[in-house]
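Report on the following structure.
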Amino acid sequence: MTFDPTTLKYDANGLIPAIAQDHVTNEVLMMAWMNAEAIAKTLATGQVTYWSRSRQAFWVKGETSGHVQALVDLRVDCDRDCLLLIVEQTGPACHTNRRSCFFTAVRDKVEVELMRPIG
């Protein structure tokens with residue numbers, strides 16, 4: 001069966017959440033939004049392209065920072081309303097210069113910083 005991005009379930013704004021995961025470590029790196037065209041661009045180029053809600057524009061990961069995400073595998077969840085992007089991450093994934101956007105844990109009702117910004 002040929003994949004068609006329009007068969008996915010998008011929110012009222014035409015967006016679907018996309019979780020990026022490292023292809024070697026399985027570490028969850030970040031979550032961002034995609035629309036059908038961003039998915040098509042990602043599949044065509046192999047470089048992950050998101051939709052920026054704040055800029056209302058496509059956002060090719062690493063376009064300005066050099067911290068690119070090369071697509072290894074794209075997976076669709078059982079409800080077809082969320083994507084898992086298995087990626088090869090170059091440099092930090094988070095705009096705070098950390099490896100992952102998920103660098104804060106809540107332990108015993110206290111926020112704990114799990115990683116510092118990279119050099």
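In this text the structure is predicted, and so the values were computed from the model without any measurement.
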Please give me the minimum heavy-atom distance between [X] and [Y], naming the atom from each residue.
X	Y	value
V72	E88	CG2-N, 3.8 Å
K61	A93	NZ-O, 2.5 Å
I16	R80	CD1-O, 3.8 Å
G66	T90	O-CG2, 3.9 Å

Next on the checklist: W51 and ring-ring contact (aromatic ring centres under 6.0 Å, His included): which single residue from W33, Y10, F58 fits?
Outcome noted: F58

Checklist entry - Going by heavy atoms in the side chains, are V76 and F3 under 4.5 Å from each other? => result yes

Next on the checklist: Within the 4.5 Å heavy-atom criterion, are I19 and V28 side-chain neighbours or not?
Outcome noted: yes

Measuring from atom [atom1] of [X] to atom [atom2] of [Y], what distance do you get when rounded to the nearest 0.5 angstrom?
X	Y	atom1	atom2	result
M31	S100	CE	OG	12.5 Å
I86	N26	CD1	CG	7.0 Å
Q47	L71	CD	CG	10.5 Å

Can I get a per-line list of side-chain donor-acceptor pairs under 3.5 Å for residues 101-119, giving both atom names and the distance, sequence neighbours left out?
{"unit_1": "E113", "atom_1": "OE2", "unit_2": "R98", "atom_2": "NH2", "d": "3.3"}
{"unit_1": "E113", "atom_1": "OE2", "unit_2": "R116", "atom_2": "NH1", "d": "2.9"}

Please list, one pair per line, the donor and acceptor atoms closer than 3.5 Å that link side chains of residues 34-41 to other protein atoms, with sequence neighbours excluded.
{"unit_1": "N35", "atom_1": "OD1", "unit_2": "E37", "atom_2": "N", "d": "3.2"}
{"unit_1": "N35", "atom_1": "OD1", "unit_2": "A38", "atom_2": "N", "d": "2.8"}

Checklist entry - Other than V24, which residues form its hydrophobic cluster under the rule that side-chain heavy atoms must be closer than 4.5 Å? => result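 When side chains under 4.5 Å apart are linked, V24 ends up in no cluster with other residues.
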
Next on the checklist: Check this for me: does any side-chain nitrogen of one of D77 and R75 sit under 4.0 Å from a carboxylate oxygen of the other?
Outcome noted: no

Item to check | Check against side-chain contact (heavy atoms from CB on, under 4.5 Å), D81 and L8 | outcome: CA-CA 6 Å; D81 63 359; L8 298 172; over 6 Å; no

Checklist entry - Is L74 linked to L29 within one hydrophobic cluster, defined over Ile, Leu, Val, Met, Phe, Trp and Tyr using a side-chain heavy-atom separation of less than 4.5 Å? => result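 Hydrophobic grouping puts L74 with L29.
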
Next on the checklist: side-chain contact (heavy atoms from CB on, under 4.5 Å), that's the test. Do Q89 and R99 meet it? Break it down for me.
Outcome noted: CA-CA 9 Å; Q89 177 70 47; R99 173 86 180 138; 3.5 Å; yes

Item to check | Audit row: V48, W59, side-chain contact (heavy atoms from CB on, under 4.5 Å) steps and yes/no | outcome: CA-CA 9 Å; V48 179; W59 158 39; over 6 Å; no

Item to check | Any side-chain donor near an acceptor of the partner, T25 and D22, under 3.5 Å | outcome: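 Indeed, the side chains of T25 and D22 share at least one donor-acceptor pair under 3.5 Å.
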
Next on the checklist: I'd like to know whether R53 forms a side-chain contact (heavy atoms from CB on, under 4.5 Å) with L15, so could you lay out the CA-CA distance, the side-chain angles of the two residues, the decisive distance to 0.1 Å, and finally the verdict.
Outcome noted: CA-CA 9 Å; R53 295 178 301 164; L15 300 175; 3.7 Å; yes

